[in-house]
Amino acid sequence: MIKTALEEISRGTAEIIDDKRIEKLVTKYYDDGTTYTVKAGFDPTGADLHLGHTVLLQKLKVFQNHGGIVQLLIGDFTATIGDPTGKSETRKVLTRDTIMANAQTYQDQVFNILDRDKTEVVFNSHWLDALGAGGMLGLTTRFNVARMLERDDFEKRYKGGESISISEFLYPLLQGYDSVELKSDIEIGGTDQKFNLLMGRYLQRSYEVGKEQAVLMMPILEGLDGVQKMSKSLNNYIGIVEKPKDIYAKTLSISDDLMWRYYELLSEKSLLDIASMRDEVKNGTLHPKVVKENLALELVKRFYNQELAIQAKAEFDNVFKSNKLPTDMKEIECEDGIWICKALVDAGIEPSTSQARRDIKQNAVSVNQEKISDEKLNLSAGDYILQVGKRKFAKVKVG
RNA sequence: GGUGAGUUAGUCAAGUGGCCAAAGACGGCAGACUGUAAAUCUGCUCCCUCCGGGUUCGAAGGUUCGAAUCCUUCACUCACCA
């Protein structure tokens with residue numbers, strides 16, 4: 001039992017620091033039912049969770065299955081600083097209201113995956129607000145600049161001659177301090193969080209909490225482009241509240257290489273099964289597209305259900321294999337004689353009339369499934385289906 | 001506080017008085033080929049009903065027939081010195 005638990009816990013991890021401690025905690029739970037705490041922090045900066053987050057959430061769920069109580073830390077205080085990771089620009093400061101609204105949306109979505117009864121939701125403003133200037137100073141004396149600059153991101157920016165704000169130095173300290181307050185046994189995060197996670201461990205020692213958190217790091221999930229990490233701001237994400245057909249379609253649009261990565265990090269299939277599929281694809285007995293379709297189905301099924309997953313596939317095949325129209329399209333009404341480019345913009349499938357004009361020149365625009373080439377076309381009264389490229393559709397009622 | 005360098009489109013980056021709506025690269029979009037994959041080839045990539053016009057090169061002023069380019073002030077960034 002314990003062995004299986006530990007295997008599940010370590011599956012797919014990038015790195016574990018102090019795995020002995022995790023083993024002890026799990027063992028103790030199975031001995032006498034003592035639970036332990038697992039901290040994971042979320043910045044309430046964007047409202048929607050995407051698959052990148054679920055990598056962590058699924059791992060937290062595994063801990064919950066084996067005696068872990070999740071401390072879901074909403075970094076409402078630290079959100080006002082903004083974690084520097086990978087960004088050189090200062091983030092915009094969020095208002096309290098936005099933060100709280102985002103936090104609420106987060107929670108609604110998180111409990112799609114996590115067990116509510118085994119989760120404590122905590123806000124770090126509770127203790128960080130109270131910390132005050134004195135407490136903050138006390139915190140800063142425990143670390144020094146040279147070590148701070150060891151953080152990969154800081155080092156790169158410093159060497160690259162980019163700006164680093166003092167407040168950014170505070171971010172890891174504050175995040176680490178959260179672990180002091182929460183007395184976490186384990187903290188999990190992405191590999192890009194290594195520095196911050198270790199800071200928690202360090203500060204727990206420094207403040208003599210009596211334990212040092214073990215740290216478990218998950219790999220960072222690449223976004224749809226396969227290069228950069230999945231994030232909302234790069235618009236390369238699959239959100240867990242997106243419509244089934246969008247989740248399905250976006251999954252199919254990833255590259256074959258990336259597909260395997262998604263399988264490893266997101267699928268519930270065993271690593272063995274994944275490896276054998278890989279072999280079959282390699283020797284040509286299995287078409288990669290089928291493998292990808294299965295992944296897409298699995299993902300839709302996870303956030304919705306089997307039925308909707310099958311529907312999403314049917315819809316997709318219908319539109320892209322048989323060149324039929326999607327069942328739900330944006331519909332707008334326009335005045336009689338509207339210029340085609342204007343209609344495309346109004347329908348939201350072109351950003352500007354200039355762009356629309358260019359696309360028409362390039363044979364990318366269809367009206368009622370017929371390519372058009374006249375960029376000066378005006379639409380007389382009637383119903384039209386407008387299409388740009390392969391994926392953008394709109395229904396327009398003129399007159 | 002001092003000295004020097006810098007701020008150009010989504011990003012990086014060329015451009016030092018007119019030939020600049022601004023090279024190039026990346027990214028993005030579209031077309032061909034496909035499996036809405038990859039690779040490859042082609043076109044497009046500030047806005048405007050566009051053979052024409054408008055607004056851009058950190059911000060505001062100024063010089064000039066003419067400014068991304070020269071001058072002044074301001075803001076921001078980096079380096080060195082203190």
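Just so it is clear, the values below take in all heavy atoms, side chains as well, and ignore hydrogens, waters and symmetry mates. The chains referred to below are lettered A, B, ... by the order of the sequence lines, with proteins before strands, and numbering in each begins at 1.
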Check: Between Pro351(A) and Lys245(A), which is nearer to the 5' end of RNA chain B once each is assigned its nearest nucleotide?
Finding: Lys245(A)

Check: Considering only heavy atoms from C-beta outward, does the side chain of Phe77(A) approach that of Asp178(A) to under 4.5 Å?
Finding: no

Note to self: Taking any heavy-atom pair under 4.0 Å as a contact, classify Arg358(A): base, sugar-phosphate, or nothing.
What the structure shows: sugar-phosphate

Checklist line | Touch class at under 4.0 angstrom, heavy-atom based, for Leu258(A) against every strand present | finding: nothing

Item checked: Heavy-atom side-chain contact between Val110(A) and Thr119(A) under 4.5 Å -> no

Next item on the list: Determine whether any donor atom in the side chain of Lys361(A) lies under 3.5 Å from an acceptor atom in the base of U49(B), or the reverse, and answer yes or no.
Entry: no

Next item on the list: Sugar-phosphate means primed atoms, P, OP1 and OP2; the rest is base. With that split, encode nucleotides 21-28 of chain B 5' to 3' as B, S or - using protein heavy atoms under 4.0 Å.
Entry: --------

Next item on the list: Would you indicate what Ile164(A) reaches in the nucleic acid, counting non-hydrogen atoms under 4.0 angstrom: base, sugar-phosphate, or nothing?
Entry: sugar-phosphate

Notebook entry, point to check: Between atom NZ of Lys250(A) and atom CD1 of Ile238(A), what is the distance when rounded to the nearest 0.5 Å?
Noted result: 6.5 Å

Check: Is there a donor on the side chain of Ser354(A) or the base of C50(B) sitting less than 3.5 Å from an acceptor on the other?
Finding: yes

Item checked: Name of the residue among Met136(A), Met199(A), Arg142(A) meeting side chain to side chain contact (heavy atoms under 4.5 Å, CB included) with Leu173(A) -> Met199(A)

Note to self: Let's test your reading of the model: under 3.5 Å, does the base of G43(B) pair with the side chain of Gln362(A) as donor and acceptor?
What the structure shows: yes

Item checked: Aromatic plane relationship, Tyr177(A) with Tyr207(A) - under 30° parallel, 30 to 60° tilted, over 60° perpendicular -> perpendicular

Note to self: Using a heavy-atom cut-off of 4.0 Å across all strands, would you classify Asn363(A) as base, sugar-phosphate, or nothing?
What the structure shows: sugar-phosphate

Note to self: Check the orientation of Tyr106(A) and Phe42(A). Use parallel for under 30°, tilted for 30 to 60°, and perpendicular for over 60°.
What the structure shows: perpendicular

Check: Contact class for Lys371(A) vs. all strands (heavy atom < 4.0 Å): base, sugar-phosphate, or nothing?
Finding: sugar-phosphate

Notebook entry, point to check: In Watson-Crick or G-U wobble terms, both distances under 3.5 Å, what is the partner of A75(B)?
Noted result: U7(B)

Margin query: Among Lys292(A), Arg261(A), Lys282(A), which residue satisfies the salt bridge (Lys or Arg N to Asp or Glu O under 4.0 Å) criterion with Asp256(A)?
Written below: Lys292(A)

Checklist line | Upstream residue (5' side of RNA chain B) when Lys289(A) and Gly337(A) are each assigned their closest nucleotide | finding: Lys289(A)

